[in-house]
Number of protein chains: 2
Amino acid sequence: MVVDQLSDAELDRLFQAFADTTRRDIMRRVAVGEYSVSGLASLYAMSFAAVQKHVAVLERASLVTKEKRGREQIVRGNHEGLQKARRLLDEYEAIWRQRAARIAEILAEE
Amino acid sequence: MVVDQLSDAELDRLFQAFADTTRRDIMRRVAVGEYSVSGLASLYAMSFAAVQKHVAVLERASLVTKEKRGREQIVRGNHEGLQKARRLLDEYEAIWRQRAARIAEILAEE
DNA sequence: CTGATCTACAACCATTTGGTTGTAGGATAT
DNA sequence: ATATCCTACAACCAAATGGTTGTAGATCAG
């Protein structure tokens with residue numbers, strides 16, 4: 001049963017978001033704790049604006065959410081987004097296993 | 001135990017490769033059967049050269065291998081590459097669950 | 001041998017990406 | 001009230017991406 005049909009564009013954004021070392025690192029951070037955008041920015045050797053853009057990419061991909069708290073913007077990991085990406089790879093894995101099973105079957109026939 | 005340490009560049013290439021609808025479709029195809037480059041090209045509304053480039057991207061990401069057979073180049077899915085991507089997402093998932101467990105622990109303390 | 005097929009690769013083009021600096025506006029602290 | 005901090009966003013730039021066409025080398029069929 002396919003609960004949640006993912007559009008191509010959504011998957012493009014998801015995997016594109018993972019395709020950058022800084023963004024993967026941000027994902028690791030926000031999975032564990034809370035960070036403001038500037039808190040994240042202080043961790044990397046690049047401008048605040050650059051980190052802000054990375055967070056925006058993650059946000060568009062639904063991998064992260066932002067919530068305003070005072071003058072800060074708190075970045076939190078979004079479990080759903082991560083699961084969607086995982087689900088797709090699991091699907092490929094399943095196709096692969098089916099094929100392996102089919103091959104074994106054919107070999108067993110002779 | 002981490003058996004296989006993945007470099008950042010390798011992961012960049014892996015996820016970048018998945019970040020395109022045509023390439024994900026190619027992955028689905030070659031996971032099931034064998035295709036020549038031109039066989040794949042005939043499936044999409046774009047030039048042969050464009051498909052050739054997509055295959056090259058998948059190949060550089062170790063998601064696919066090519067093998068020369070006569071005048072054709074046979075494209076096959078590479079299970080290892082797929083598993084590497086899955087492993088990373090699983091890792092994030094694990095971090096997430098650890099954090100959820102930790103939160104539950106804290107709540108249980110009071 | 002000739003022609004058709006499959007592939008590789010270069011050159012080109014428009015758009016996106018990942019970075020920068022600069023400007024401006026809200027929230028906070030003193 | 002003023003200075004500082006955090007954020008948003010625009011403008012710009014170089015490099016990468018996703019596409020094209022064209023050329024050329026192998027391989028196969030007749």
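Quick caveat: nothing in here was measured; it's all calculated off a predicted structure. Every heavy atom of this structure was used, including side-chain atoms; hydrogens, water molecules and symmetry mates were not. So that the names make sense, note that chain A is the first sequence line, chain B the second, and so on, each numbered from 1.
Note on A:Arg102 versus A:Glu105: salt bridge recorded, some NZ/NE/NH1/NH2 to OD/OE distance being below 4.0 Å. A salt bridge links B:Arg69 with B:Glu34: the distance from a Lys NZ or Arg NE/NH1/NH2 to an Asp or Glu carboxylate oxygen falls below 4.0 Å. Under the 4.0 Å criterion applied to side-chain N and carboxylate O atoms, A:Asp25 and A:Arg28 are assigned as salt-bridge partners. A salt bridge is defined here as a Lys NZ or Arg NE, NH1 or NH2 lying under 4.0 Å from an Asp or Glu carboxylate O, and A:Arg24 with A:Asp20 fails to meet this definition.
Atom C1' of nucleotide C:dT7 and atom CD1 of B:Ile74 are separated by 12 Å, given to the nearest angstrom. Between the P atom of C:dT7 and the CD atom of B:Gln73 lies a distance of 7 Å, rounded to the nearest Å. In this entry the distance linking CD of B:Glu72 with P of C:dT7 reads 6 Å, nearest Å. Spacing between atom CG of A:Asp12 and atom C1' of C:dT17 amounts to 15 Å, rounded to whole angstrom units. Distance CZ (A:Phe18) to C1' (C:dG18): 19 Å, rounded to an integer number of Å.
How far CG of A:Leu63 is from OH of B:Tyr92: 9.5 Å, rounded to the nearest 0.5 Å. Taking OG of B:Ser7 as the start and CG of B:Leu14 as the end, the distance is 9.0 Å to the nearest 0.5 Å.
Once you apply a 4.0 Å limit to the heavy atoms of chain B, the touched nucleotides of DNA chain D run 5' to 3' over D:dG18 to D:dC28.
Formation of a donor-acceptor pair under 3.5 Å by the A:Ser38 side chain with backbone atoms of A:Ala41 is not found in this model. A donor-acceptor pair under 3.5 Å is absent between the side-chain atoms of B:Glu67 and the main chain of B:Ile74, judged by distance alone. The backbone N or O of B:His54 sits nowhere less than 3.5 Å from a side-chain atom of B:Arg23 that would complete a donor-acceptor pair.
Within residues 49-67 of chain B, the residues having any heavy atom under 4.0 Å from DNA chain D are, by residue number, B:Ala49, B:Ala50, B:Lys53, B:His54. Contacts of residues 21-41 of chain A with DNA chain D (heavy atom under 4.0 Å): A:Ser36, A:Val37, A:Ser38.
Tested against A:Met27 for a side chain to side chain contact (heavy atoms under 4.5 Å, CB included), the candidates A:Asn78, A:Leu58, A:Thr22 yield a single pass: A:Leu58.
Residues B:Gln83 and A:Glu93 form a side-chain contact, since some pair of their non-hydrogen atoms from C-beta on lies under 4.5 Å apart.
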